[in-house]
Each structure stands twice: as C-alpha cells, then as structure tokens.
Amino acid sequence: MTEERFLELCKFERQLKEEGYTLIAGIDEAGRGPLAGPVSAACVIVGADGPFVRGVDDSKKLSEKRRESLFDEIKETSFAYGISFVDSKRIDEINILQATYEAMRNALKQAIEMAEGKAPGMILVDHVHIPEIEIPQMSITHGDAQSISIGSASILAKVARDRLMREYDEKYPEYGFAKHKGYGTKAHYAAIAQYGPNEIHRKTFLKKLFN
C-alpha cells in the first residue's frame, strides 16, 4: 500500500480528530446477500489519531490470506472491537435489512463493553444509517474503501463469517459452504436442488428464488 493510499483511507478519521473527537467507531457487515448462513457485523473503535493498521482496505479487494493476516492485527491494534452474528432464522423473521441493523447494534454494544463503557463520539458506517443508536453517525458510500476504520470492521466481519461458514461445511459437506460461503453459485443451487435446504438456509431468500 502506498503512503498516498494510506493517507486517503485516514481522511475521515483525521478530519474528526481536527473537530475534537478522540474515539471513533467503524462499523460494517458481511453476508447480506448469501442464501445460507448468518449476516455478520463488526465494530472497531479506534483513537482518532490511530494507530491504524496499514494494508487495511475494502475486504473484497484483499485476498483471503491477506484478510486472515490482518484480522489479528486489527484486533490487537484497535482500542476495542465487537463481532456479532444474526442467524438465518432471525433473518427470516425480521428480514435481512433489520437483521443487519441488529448485528451492527450488537457489535457496537460488544465493543463499548470491551472499552469498559467508553463509547465513541462518532460512528462511521458503510452506506446505511443504523436505527436505534443515540451516538452520532456518518454514513459513507463505499465506506469500506474510503475509511480505514470501516475497512477494518469489514475485514473482521468478513473473516469471522468465512470461518463460521467453513465450520458449517464440516457439518454439511454436501453443500460446499467452504467454497462459496453460502452465496448463490451454480454449485450451491445444484446442491439445494439435490438435497433441499438445511437449517442454515434463509427460507425467505429461497422462496423468492424458487417460487
């Protein structure tokens, strides 16, 4: 990563530092689109002046190996963090958007608990505005590629969910979850057609597809 790119990723955090903020949270999700498995969200609380992990970027731009190597570094470097899952049953009950908000609120709560009650002054969140949160928020389109704190959260959410889907692959090897992570690939559709949905499939998603 070039110095120019690193500084670009820190621009929102630097701006907030100039405005007097000391703690900032980045929040992002992973797994809104898959047919199976939970949606995950992560919250990373950082100091407005860092330290920030170099190499952080939109998790989708990074290799799986690179995300895994950054995962522990982000957790060790951050002021506090939280990772939350909302399972497929809950997604079917309240819909994917509300489930995503729930995961984000839970991740924020975990991070504040880890920080012994020290809440961030501002939340930077990718694309959405999280309801039922009193802390000020700044929604940033493509935030995981624009803000280092959101990018850090995107990596935690993505790696944690991928690891869980690999565990599900061991339980349900016929579906290939380790490869596609629950997304709607040709192989996944074929497995559903052959074996039917299992307990981690999002029934509301399948209903829209097959009815």
Side-chain angles (χ1 to χ4, degrees), residues 1-34 39-84 96-97 100-108 110-112 115 119-131 133-162 181 183:
M1 173 177 285
T2 66
E3 184 68 15
E4 182 180 6
R5 176 59 178 153
F6 177 70
L7 292 174
E8 180 187 359
L9 279 166
C10 298
K11 63 181 181 291
F12 288 102
E13 289 77 7
R14 292 203 316 270
Q15 177 185 330
L16 289 169
K17 179 187 176 183
E18 290 175 2
E19 294 174 11
Y21 290 92
T22 56
L23 290 178
I24 300 162
I27 296 180
D28 201 5
E29 54 76 26
R32 281 183 66 172
V39 62
S40 64
C43 173
V44 176
I45 299 178
V46 296
D49 57 352
F52 303 118
V53 177
R54 288 180 179 270
V56 164
D57 208 327
D58 175 359
S59 64
K60 296 182 289 297
K61 295 180 180 180
L62 304 172
S63 68
E64 183 173 341
K65 183 178 180 181
R66 185 62 176 144
R67 289 194 299 265
E68 286 281 351
S69 69
L70 289 168
F71 184 82
D72 290 332
E73 189 175 355
I74 291 166
K75 292 198 299 180
E76 291 166 4
T77 305
S78 66
F79 185 79
Y81 65 88
I83 302 171
S84 175
I96 185 59
L97 180 59
T100 301
Y101 290 150
E102 188 170 288
M104 288 177 164
R105 287 191 293 266
N106 290 342
L108 174 64
Q110 288 178 24
I112 293 174
M122 177 66 74
I123 295 169
L124 303 179
V125 60
D126 186 20
H127 191 61
V128 300
H129 183 89
I130 311 167
I133 288 179
E134 295 181 359
I135 300 168
Q137 301 175 53
M138 183 187 300
S139 177
I140 303 171
T141 302
H142 302 305
D144 46 3
Q146 303 289 331
S147 157
I148 199 160
S149 55
I150 298 177
S152 295
S154 78
I155 290 169
L156 294 196
K158 172 68 173 166
V159 171
R161 187 181 185 280
D162 284 356
K181 309 301 189 295
Y183 283 88

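What you see is a predicted model; the values in this text were computed from it and never measured.
No side-chain heavy atom of Val44 sits under 4.5 Å from any side-chain heavy atom of Ser149. Side-chain contact between Met104 and Val128: present, with at least one pair of heavy atoms (C-beta onward) separated by less than 4.5 Å. Taking 4.5 Å as the limit, every side-chain heavy atom of Pro120 sits out of range of all side-chain heavy atoms of Ile24. When side chains are defined from C-beta on, Leu156 counts as touching Phe71, because their heavy atoms get closer than 4.5 Å.
For the side chain to side chain contact (heavy atoms under 4.5 Å, CB included) with Phe6, the lone residue among Asp57, Ile148, Val53 that qualifies is Ile148.
Here the shortest heavy-atom pairing between Ser147 and Ile140 reads CB-CD1, 4.4 Å. The minimum heavy-atom distance between Gln146 and Phe12, with the atom names listed, is O-CD1, 3.6 Å. When every heavy atom of Tyr21 is checked against every heavy atom of Met122, the shortest pair comes out as OH-CE, 3.5 Å. The two residues Lys61 and Ala145 make their nearest non-hydrogen contact at NZ-CB, 3.9 Å. Nearest heavy-atom pair across Ile150 and Leu124 is CG1-O, 3.4 Å. Listed here is the closest heavy atom pair of Arg32 and Glu29: CG-OE1, 3.2 Å.
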Margin query: Run Val56 and Glu73 through side chain to side chain contact (heavy atoms under 4.5 Å, CB included) and show every step you take.
Written below: CA-CA 10 Å; Val56 164; Glu73 189 175 355; over 6 Å; no
Is there a salt bridge (charged side-chain N to carboxylate O under 4.0 Å, His left out) between Glu68 and Lys65 once you walk through the steps?
CA-CA 5 Å; Glu68 286 281 351; Lys65 183 178 180 181; over 6 Å; no
> Taking it one step at a time, do Ile112 and Ile135 satisfy side chain to side chain contact (heavy atoms under 4.5 Å, CB included)?
Replying inline: CA-CA 12 Å; Ile112 293 174; Ile135 300 168; 4.2 Å; yes
* Asked: Can Lys158 and Asp28 be said to form a salt bridge (charged side-chain N to carboxylate O under 4.0 Å, His left out), step by step?
  -> CA-CA 9 Å; Lys158 172 68 173 166; Asp28 201 5; over 6 Å; no
**salt bridge (charged side-chain N to carboxylate O under 4.0 Å, His left out) between Glu3 and Arg54, intermediate numbers included** = CA-CA 9 Å; Glu3 184 68 15; Arg54 288 180 179 270; 3.0 Å; yes
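Using modelled atom types, no side-chain atom of Ser40 and backbone atom of Ser84 make a donor-acceptor pair closer than 3.5 Å. In this structure a side-chain-to-backbone donor-acceptor pair under 3.5 Å is present from Ser78 to Ile74. Although no hydrogens or angles enter the test, the distance criterion places a donor-acceptor pair under 3.5 Å between the side chain of Arg14 and the main chain of Leu7. Under the 3.5 Å distance criterion, the side-chain polar atoms of Arg67 are matched with a main-chain donor or acceptor of Leu62. Under the 3.5 Å distance criterion, the side-chain polar atoms of Gln110 are matched with a main-chain donor or acceptor of Ile83.
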